[in-house]
Amino acid sequence: PFDVLVVGGGPAGSAAAIYAARKGIRTGVVAERFGGQVMDTLGIENFISVKATEGPKLAMALEEHVKEYGVDIMNLQRALALKPVAGGVEITLENGAVLRSKTVILSTGARWRNMNVPGEAEFRTKGVAYCPHCDGPLFKGKRVAVIGGGNSGVEAAIDLAGIVAHVTLLEFDSILRADAVLQNKLRSLPNVTIITSAQTTQVTGTDKVNGLNYKDRVSGEVQHIELEGIFVQIGLVPNTDWLKGVVNLSPRGEIEVDAKGQTSVPGVFAAGDCTTVPYKQIIIAMGEGAKASLSAFDHIIRDGAH
Ligand code: FAD
């Protein structure tokens, strides 16, 4: 049995594993894909103290750092169920194995919802982006679109309007759903165009994005916009389906945690993009992972089980 079992091998899980192992307790990591979202990222320029790096390089560094300690890494393994049991928690894997641990740290991350239109996948990291905090500065002085008129889309459009030349915000519905204060702010900006009832149908480009097509849902006509970047803001989906009914989740499916990373289940902690903690970023996920791990250690020593 483990003292700390981490489910998820991204930045949050790696930090949690290192903090636990440094306490000299039995630590394991189960990861469907070690590295997590970082593996899909090209340029990273906001991991403080590292001016610029690339996703696969950072993922490699995470793995090397975790391997410096006696952490049992179970890569390419998917957790299917969590069950509180006397003195701890059981995690069942897809391969049928049942792992037992005094504490568990959930760090299964999240995934951006895709538009699923032609060109989106092809031009990912070549103009199609998902994170304005990460990639906004790459489009300085250029024209971009933001897809989605909810709070995250409108916030992204306001943020980007301060950096890029022009922002076109496209919303599928006939109205924006963002909070009124955000909408008012957006409408006050001189370099923003808002188009509602617009269904994006295609991302166009050659080696990089050069525009997008959308269907005007009122007239049925297809329109083309020339631009250099597209930020897709139609939702971030936490990887928490397997925890429904066991651990308290928010209406968006994020694991509810308190300031120490404690979930609704004693001995179960959570960190990173899968939780209710706002702003999904590498540096934040790592900090939260460290915090959840220290909380798990605290739980173990108070439980008298160590
Ligand atoms: P993740 O990185 O999502 O890791 C989750 C881990 O859990 C993975 O190992 C996954 O395989 C595993 N997992 C999921 N479900 C299960 C399961 N059931 N069983 C076992 N394992 C499971 N942030 C920045 O700070 N700067 C950037 O420049 C930046 N650029 C980005 C670019 C892109 C294209 C994307 C997609 C994200 C970017 N981000 C960036 C965001 C950043 O990658 C995330 O905030 C960060 O990776 C979150 O870390 P995490 O550990 O919480 O989750």
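Numbering of ligands and ligand atoms starts at 1, following listing order. Nothing here was measured: the structure is a model prediction, and the numbers come from that model.
Listed by number with element, the atoms of ligand 1 under 4.0 Å from a non-hydrogen atom of Gly9 are 6 (C), 7 (O), 8 (C), 9 (O). The contact set between ligand 1 and Cys134, taken as ligand atoms under 4.0 Å from a residue heavy atom, comprises 23 (N), 24 (C), 26 (N), 27 (C), 28 (O), 29 (C), 30 (N), 39 (N), 40 (C). Atom numbering of ligand 1 starts at 1 in the shown order; those under 4.0 Å from a heavy atom of Gln77 are 20 (C). Those atoms of ligand 1 with a heavy atom of Gly43 less than 4.0 angstrom away are 28 (O). Annotation for ligand 1: atoms under 4.0 Å from non-hydrogen atoms of Gly272 are 52 (O). Residue Arg78 approaches ligand 1 through these ligand atoms, each under 4.0 Å from one of its heavy atoms: 18 (N), 19 (N), 20 (C). Residue Ala285 has at least one heavy-atom neighbour below 4.0 Å for each of these atoms of ligand 1: 48 (C), 49 (O), 52 (O). Residue-ligand proximity, Asn46 to ligand 1, at heavy-atom distances under 4.0 Å covers atoms 24 (C), 25 (O), 26 (N), 27 (C), 28 (O).
Checked by atom type, the side-chain pair Asp216/Gln223 shows no donor-acceptor distance below 3.5 Å. Judged purely by distance below 3.5 Å, without hydrogens or angles, the side chains of Glu226 and Asn210 never pair a donor atom with an acceptor atom. Asn46 and Gln281 are linked by a side-chain donor-acceptor pair at a separation below 3.5 angstrom, with hydrogens and angles left out of the test. Using a 3.5 Å distance cut-off with no hydrogens or angles, the side chains of His166 and Thr193 do pair a donor with an acceptor.
The main-chain N or O of Val181 is never found under 3.5 Å from a side-chain atom of Asp179 such that the two would form a donor-acceptor pair.
To the nearest 0.5 Å, the span separating CE on Met60 from CG on Leu62 amounts to 11.0 Å.
For atom 12 (C) of ligand 1, the nearest non-hydrogen atom of the protein is Gly8 CA, 3.8 Å. Counting only heavy atoms of the protein, atom 10 (C) of ligand 1 lies nearest to Arg33 O, 4.0 Å. Looking from atom 41 (C) of ligand 1 to the surrounding protein, the closest heavy atom is Lys280 O, 4.1 Å. Protein heavy atom in closest approach to atom 17 (C) of ligand 1: Ala79 N, 3.7 Å. What sits closest to atom 38 (C) of ligand 1 on the protein, heavy atoms only, is Thr41 OG1, 3.9 Å.
Residue-level proximity to ligand 1 for Asp40 is carried by the backbone, the only part with a heavy atom below 4.0 angstrom. If you look at Arg111 next to ligand 1, there are no close heavy atoms at all, none under 4.0 Å. Contact annotation for Phe47 and ligand 1: no heavy atom of the residue comes within less than 4.0 Å of the ligand. When heavy-atom distances to ligand 1 are checked against a 4.0 Å cut-off, Ala110 comes that close only through its backbone atoms N, CA, C and O. Contact annotation: for Tyr130 versus ligand 1, there are no heavy atoms closer than 4.0 Å. With a heavy-atom cut-off of 4.0 Å, Ser107 touches ligand 1 through its backbone alone.
Under the side chain to side chain contact (heavy atoms under 4.5 Å, CB included) criterion, Asp40 pairs with Arg33, sequence neighbours left out.
As a member of the Ile/Leu/Val/Met/Phe/Trp/Tyr network built from side-chain separations under 4.5 Å, Val128 groups with Trp112, Met115, Val117, Phe123, Tyr130, Ile147, Leu170, Ile195, Val203, Val209, Leu212, Tyr214, Ile225, Leu227, Ile230, Val232, Ile234, Leu236.
Note: no N/O pair closer than 3.5 Å links Ile283 and ligand 1 by distance alone. Checked against a 3.5 angstrom limit, the closest N/O atoms of Glu45 and ligand 1 fall outside it. Residue-to-ligand polar distances place Ile282 within reach of ligand 1: an N/O pair is separated by less than 3.5 Å. At least one N/O-N/O distance between Gln37 and ligand 1 falls below 3.5 Å. For ligand 1, none of its N or O atoms has an N or O atom of Cys131 under 3.5 Å away. Looking at Trp112 next to ligand 1, no N or O pair under 3.5 Å apart turns up.
Cation-pi geometry between Arg100 and Phe2 is not satisfied (NZ or CZ under 6.0 Å from the ring centre, within 45° of the ring normal).
Results of the side chain to side chain donor-acceptor pair (under 3.5 Å) test with Asp3 over Arg26, His299, Lys23 single out Arg26 as the only residue that passes.
Within the set Gly10, Pro11, Gly36, the minimum heavy-atom distance to atom 47 (O) of ligand 1 is found for Pro11. One option in Met286, Glu32, Glu54 has a heavy atom closer to atom 21 (N) of ligand 1 than any other, and that option is Glu32.
Contact annotation: Gly289 has no heavy atom less than 4.0 Å from any atom of ligand 1.
In Arg252, the CZ atom is not crowded: 12 or fewer heavy atoms of neighbouring residues, nucleotides or ligands sit closer than 6.0 Å.
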>> Using the rule given for salt bridge (charged side-chain N to carboxylate O under 4.0 Å, His left out), can you reason through Glu288 versus Lys291, listing the C-alpha separation, both sets of side-chain angles and the distance that settles it, and then say yes or no?
In response: CA-CA 5 Å; Glu288 291 292 316; Lys291 220 165 77 180; 3.2 Å; yes
